[in-house]
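One structure is given below, encoded as structure tokens.
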Amino acid sequence: MRHAHSTYTPDELGRPLSERGFLDAHEVTGLLQNENIDHIVSSPYKRAIQTVEGLAKYVDKKIEIVDGYKERKLAEGAVENFDLAIKKVWNDFDFAWEGGESNHTAQKRGVDAIVQLIDQFNGQNIVISTHGNIMVLIMNYFDPRYDFSFWEQLTMPDIYKLTFDSTQLIDVSRIWSP
Ligand SMILES: O=C(O)[C@H](O)COP(=O)(O)O
């Protein structure tokens, strides 16, 4: 899932959910509490952790922090034109802005993290709280229909249920309805 709404500040690691984000996180708990969740994994960023804190409490699971699910780093500092900067990396998967990750680099660490989870918890239901770009990059690796346009229409939060047979993606369904 992509985390609930957080008001933008440059503090990637520490910025919390907004008031609206906390309300939606409550809805996330309601949606997932009966899905027989075996594990909850999150990006280390606060907005992702806070999105699943209520769920973790409800289903009595610990949140496991995995670095591979942090948001893709677009550039070292703030970019001048975000739209242009994001389009450029999606047009050329090998391109990286200074200090940032290319699509290929970020995709690799995201996919490595997913494959490791599948190996470790095969057959179990795992909630992953992550971010828009890295989530779509992971999905894109398994099915290229999940692309830049798909990313553009994501909501915050957004939740997709991915079913794997070993490391083969066999089904995707959207669980969140805005
Ligand atoms: O508001 C945010 O958290 C970001 O600007 C966009 O979301 P992301 O964490 O999914 O990239």
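Counting starts at 1 for both ligands and their atoms, in listed order. Because the structure is predicted, anything quoted here is derived from the model rather than measured.
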Can you pull out the closest protein heavy atom to [atom]? Residue, atom name and distance to 0.1 Å, please.
atom                    : result
atom 11 (O) of ligand 1 : Glu71 OE2, 2.5 Å
atom 3 (O) of ligand 1  : Arg47 NE, 2.7 Å
atom 4 (C) of ligand 1  : Arg15 NH2, 3.8 Å

[Y] versus [X], side-chain donor and acceptor atoms under 3.5 Å:
X      : Y      : value
Gln124 : His39  : yes
Asn125 : Glu35  : no
Thr155 : Arg174 : yes
Asn133 : Trp90  : yes

Working for salt bridge (charged side-chain N to carboxylate O under 4.0 Å, His left out), residues Asp92 and Lys88: CA-CA 6 Å; Asp92 177 356; Lys88 177 115 175 124; 5.8 Å; no
Min N/O separation Met156 to ligand 1 under 3.5 Å: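 Checking ligand 1 against Met156, no N or O pair falls under 3.5 Å apart.
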Polar proximity ligand 1 side, Asn133 side, N/O cut 3.5 Å exclusive: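 No.
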Side chain, backbone, both or neither: the part of Arg2 lying under 4.0 Å from ligand 1 by heavy atom: side chain
His131/Tyr45 aromatic ring centres below 6.0 Å: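 Distance test on ring centres: under 6.0 Å, yes.
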Which of the ligand 1 atoms, numbered from 1, are nearer than 4.0 Å to a heavy atom of Ser6: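 By the 4.0 Å cutoff, the relevant atoms are 1 (O).
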Contact atoms of ligand 1, heavy-atom distance to Gly132 under 4.0 Å: 8 (P), 10 (O)
Residue selection (non-hydrogen contact nearest atom 9 (O) of ligand 1) among His3, Lys70, His5, Arg72: His3
Side-chain (Thr29) to main-chain (Leu55) donor-acceptor, under 3.5 angstrom: yes
